[in-house]
Chemist: 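Here it is, the structure in full.
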Amino acid sequence: MCGIVAYVGPRDSADLIMAGLKRLEYRGYDSAGIAILDREGRLDTRKRAGKLGALAEELVQHPIGDGGTGLGHTRWATHGGPTDRNAHPHLSEDGRLAVIHNGIIENFAELKAELVADGVVFRSETDTEVAAHLLARAYRRSGDLTEAFRDVVRRLRGAFTLLAVHQDEPGVVVGARRNSPLVIGLGEGENFLGSDVAAFVEHTKRAVAVGQDEIVTIRPDSVEITDFSGGHVDGDEYEVAWDAKAAEKGGWPWFMTKEIHEEPDALANTLLGRTRDGLVVLSDLGDRLSDEVLAGIERIVLVAAGTASYAAEVARYAIEAWARVPVAVELAHEFQFREPLLDERTLVISISQSGETMDTLVAVQHARAHGARTLSVCNTQGATIPRESDGVVYTHAGPEVAVASTKAFVSQIAALYLVGLHLGRIRGALDDATHRALVDDLLAAPEKLRAVIQDSWTRIETLAHWMADTHSVLFLGRHVGFPIALEGALKLKELAYIHAEGFAAGELKHGPIALVDHGQVVFVVVPSPRHSAALHAKVVSNIQEIRARGARVIAIAEQGDAAVIPFADELIPLPLTGPWTEPLLAVAPLQIFALELANAKGLDVDQPRNLAKSVTVE
Ligand code: AGP
């Protein structure tokens, strides 16, 4: 949600910042802008509504001066529509200071009223502009940009990553953060700031995450971090584990196409090195999540949003079955307002690809404040949520750039399965033979998933192109197939802008079956008859019920499932696999379907309307 990049050093910062914004565009893409302190010491800005291409075009029409200090922003609008005027950077009245911002300044109305009463004329409808005016005033008092930040951040409520440059301080960018991400890239004679490491990973892999309520001042040859009171902070440097190529399209038509093809590797990498003698061992979870502590946990709550919450829903079945501990799933944004019962025997597991989703972060903070133990399942090294949790299990999916989550989803399920198996072992709830069989099944899943993606793509593409005019699609599943149905519906909504609903197949007769009319397309995730004949039979009955009412059934079922073949208008076969790995295989055809339907409608697959990859506002 808004991408931020800044540079100080000897190079031409405009090109470098535009390249960084290109890599961050997935975070928001309704407008973009840059500010450069040019070689003559002037502060110049360009900004445009629309995707980054519009700003690039503007820079061709009206080039900006060269200079080694600059910042850039790609926006996902919160306050004020996506217009040229509301695009960042925002300038102080004298035009000498430029600000970019990610987050929401919740008390902006009262700050604005105060500034207006003092004669300030606002040029945008954003909350950000108050920060520009406040910083300029504070700067006039101290003559020091870092000091001005210290003054102003104390007055701001809400979430912010705020960056500024001042014409009188060339070679300096100052940033501050609260509840919104900011990472420093350490170079040789140059330094960077970014919302995430993608902003600068092509230039340096040395990174330091800026902590909560900290201010950072970068110059070409120095980086200084302080807390909001001015106390020195030692940042923890880490090396970025992936290289710039991993975040490039590499010849694929869309990032999402590439990322679906990367799912088998994402899955395999998440499992890699986490078993010993055929059993899962998670040995580095930290003192607050020691085996002894986890053995005494009485309740688990999984908190997440969107796709990550569906990964949680799949894992709930598994963790409860393996660790014999009650597991609940809560949407992160509902969690704190429900005043959940929490204590030190409650384990709250957050699931987040970005590790920056504000709803999920707030849920984790709430859980910690009320004494619960917190574990993060996250795909982003050094992100805020893992840093604010007692322990972390990283999914090793590599950078996910397409807004629609795909490879992160399967790796989240895999990581949560690892947690479930680990808990099952240390709590003595799972015998070793069963545990080993489950691990074997998991380890075999990546290659089966590869086969599903390869074998089903063309068929699904044809199907999607036939259905380009479809207005409504339903998805049904039971047990772990139910969250897969929900995920299939979410993918279709976000990518193809089609009404789509996922239901537990058993729920259909309690109301939603009224939606089924002649020609209604219904995807059904069918469990294997080899694992539970009863469950399978129920789903087959549900298929009959909707067929009797005219539905067109697309079944995703185990190959050779004779009970389904006669009733499916289309059948997408899955290889034989265990009951817990079925959802990992079944989701891929649904992801491909959503992608290809969006393609058939000529839509932007990677950057659907109104969305952003990382949702850093509540
Ligand atoms: C799914 O395609 C979306 N991108 C969205 O639902 C996403 O999964 C959700 O916003 C959570 O993001 P996170 O995993 O980064 O926390």
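Numbers here simply count residues along the sequence, with the first being 1. Order of listing sets the numbers, starting from 1, for every ligand and every atom in it.
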Chemist: Purely on distance, is any nitrogen or oxygen of Thr360 under 3.5 Å from one on ligand 1?
Modeler: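 It does not: no N or O of Thr360 is found under 3.5 Å from an N or O of ligand 1.
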Chemist: Should Lys613 be counted as touching ligand 1, given the test is an N or O pair under 3.5 Å?
Modeler: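 In this structure, Lys613 places no N or O atom under 3.5 Å from an N or O of ligand 1.
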Chemist: What protein heavy atom sits nearest atom 10 (O) of ligand 1, and how far away is it?
Modeler: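 Checked against all protein heavy atoms, atom 10 (O) of ligand 1 sits closest to Val615 CG2, 4.1 Å.
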Chemist: Counting from 1, what ligand 1 atoms have a heavy atom of Lys491 closer than 4.0 Å?
Modeler: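 Ligand 1 atoms under the 4.0 Å threshold to Lys491: 1 (C), 2 (O).
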Chemist: When only distance counts, is Gly355 in polar contact with ligand 1, meaning an N/O pair under 3.5 Å?
Modeler: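 N/O-N/O distance under 3.5 Å: no.
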Chemist: With a cut-off of 4.0 Å, which atoms of ligand 1 are near a heavy atom of Gly306?
Modeler: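 Selected atoms, number and element: 6 (O).
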Chemist: For Trp580 and Tyr317, I'd like to know if the aromatic rings sit close, meaning centre-to-centre distance below 6.0 Å.
Modeler: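 Not close enough - the centres of the two rings lie 6.0 Å or further apart.
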Chemist: Between Arg450 and Glu263, is the closest basic N to carboxylate O distance under 4.0 Å?
Modeler: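 Between Arg450 and Glu263 there is no salt bridge, as every charged N stays at least 4.0 Å from the carboxylate O atoms.
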Chemist: What protein heavy atom is closest to atom 16 (O) of ligand 1, reported as residue, atom name and distance in Å?
Modeler: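 Looking at atom 16 (O) of ligand 1, the protein heavy atom closest to it is Thr357 OG1, 2.4 Å.
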Chemist: Which atoms from ligand 1 have a heavy atom of Gln353 less than 4.0 Å away?
Modeler: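 Answer, ordered by atom number: 13 (P), 14 (O), 15 (O), 16 (O).
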Chemist: Report, in ascending order of atom number, the atoms of ligand 1 lying under 4.0 Å from any heavy atom of Ser354.
Modeler: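 The atoms of ligand 1 under 4.0 Å from a heavy atom of Ser354 are 13 (P), 15 (O), 16 (O).
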Chemist: Please confirm whether the ring centroid of Phe482 lies under 6.0 Å from the ring centroid of Phe503.
Modeler: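 No, too far apart.
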Chemist: Any atom of ligand 1 sitting under 4.0 Å from a heavy atom of Glu356?
Modeler: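 False for this residue.
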Chemist: Quick one, Glu596 with Trp457, criterion side chain to side chain donor-acceptor pair (under 3.5 Å). Give me CA distance, side-chain angles, the key distance, then yes/no.
Modeler: CA-CA 9 Å; Glu596 291 298 351; Trp457 198 298; 2.8 Å; yes
Chemist: Suppose we measure from atom 9 (C) of ligand 1 to each protein heavy atom; which comes out shortest, and what is that distance?
Modeler: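 I find the closest protein heavy atom is Ala305 O, 3.5 Å.
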Chemist: Is a donor on one side and an acceptor on the other found under 3.5 Å between the side chain of Ser389 and the backbone of Ile385?
Modeler: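 Yes.
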Chemist: Which of the numbered atoms in ligand 1 are under 4.0 angstrom from any heavy atom belonging to Ala404?
Modeler: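 Atoms satisfying the 4.0 Å criterion: 2 (O).
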Chemist: Identify the closest protein heavy atom to atom 2 (O) of ligand 1: which residue and atom is it, and at what distance?
Modeler: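 Going by distance alone, atom 2 (O) of ligand 1 is nearest to Glu494 OE2, 2.5 Å.
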Chemist: Near Val403, which atoms of ligand 1 are under 4.0 Å from a heavy atom of that residue?
Modeler: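 In order of number, 2 (O), 3 (C), 4 (N).
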Chemist: Are Glu356 and Thr380 close enough that some pair of their side-chain heavy atoms sits under 4.5 Å apart?
Modeler: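 Of all side-chain heavy-atom pairs linking Thr380 with Glu356, none is under 4.5 Å.
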Chemist: Heavy atoms only: give me the nearest Asn379-Ala397 pair and the separation to one decimal.
Modeler: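 Nearest pair, atom of Asn379 first, then Ala397: OD1-N, 3.0 Å.
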Chemist: One thing to verify: whether Glu400 and Lys613 come together as a salt bridge, which I'm taking to mean a side-chain N less than 4.0 angstrom from a carboxylate O.
Modeler: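 Between Glu400 and Lys613 there is a salt bridge, with a charged N closer than 4.0 Å to a carboxylate O.
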Chemist: What residue among Asp606, Asp196, Thr74 forms side chain to side chain donor-acceptor pair (under 3.5 Å) with Tyr26?
Modeler: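 Checked Asp606, Asp196, Thr74 against Tyr26; only one passes side chain to side chain donor-acceptor pair (under 3.5 Å): Asp196.
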Chemist: Would you mind running through ligand 1 and noting each atom that sits below 4.0 Å from a heavy atom of Thr307?
Modeler: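 Reading through ligand 1 atom by atom, the close ones are 1 (C), 2 (O), 6 (O), 8 (O).
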Chemist: Heavy-atom contacts with Ser352 under 4.0 Å: which atoms of ligand 1 show up? List them by number with element.
Modeler: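 Listed by number with element: 13 (P), 14 (O), 15 (O), 16 (O).
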Chemist: Run the salt bridge (charged side-chain N to carboxylate O under 4.0 Å, His left out) test against Arg373 and tell me which residues pass, sequence neighbours left out.
Modeler: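 Here the qualifying residues are Glu344.
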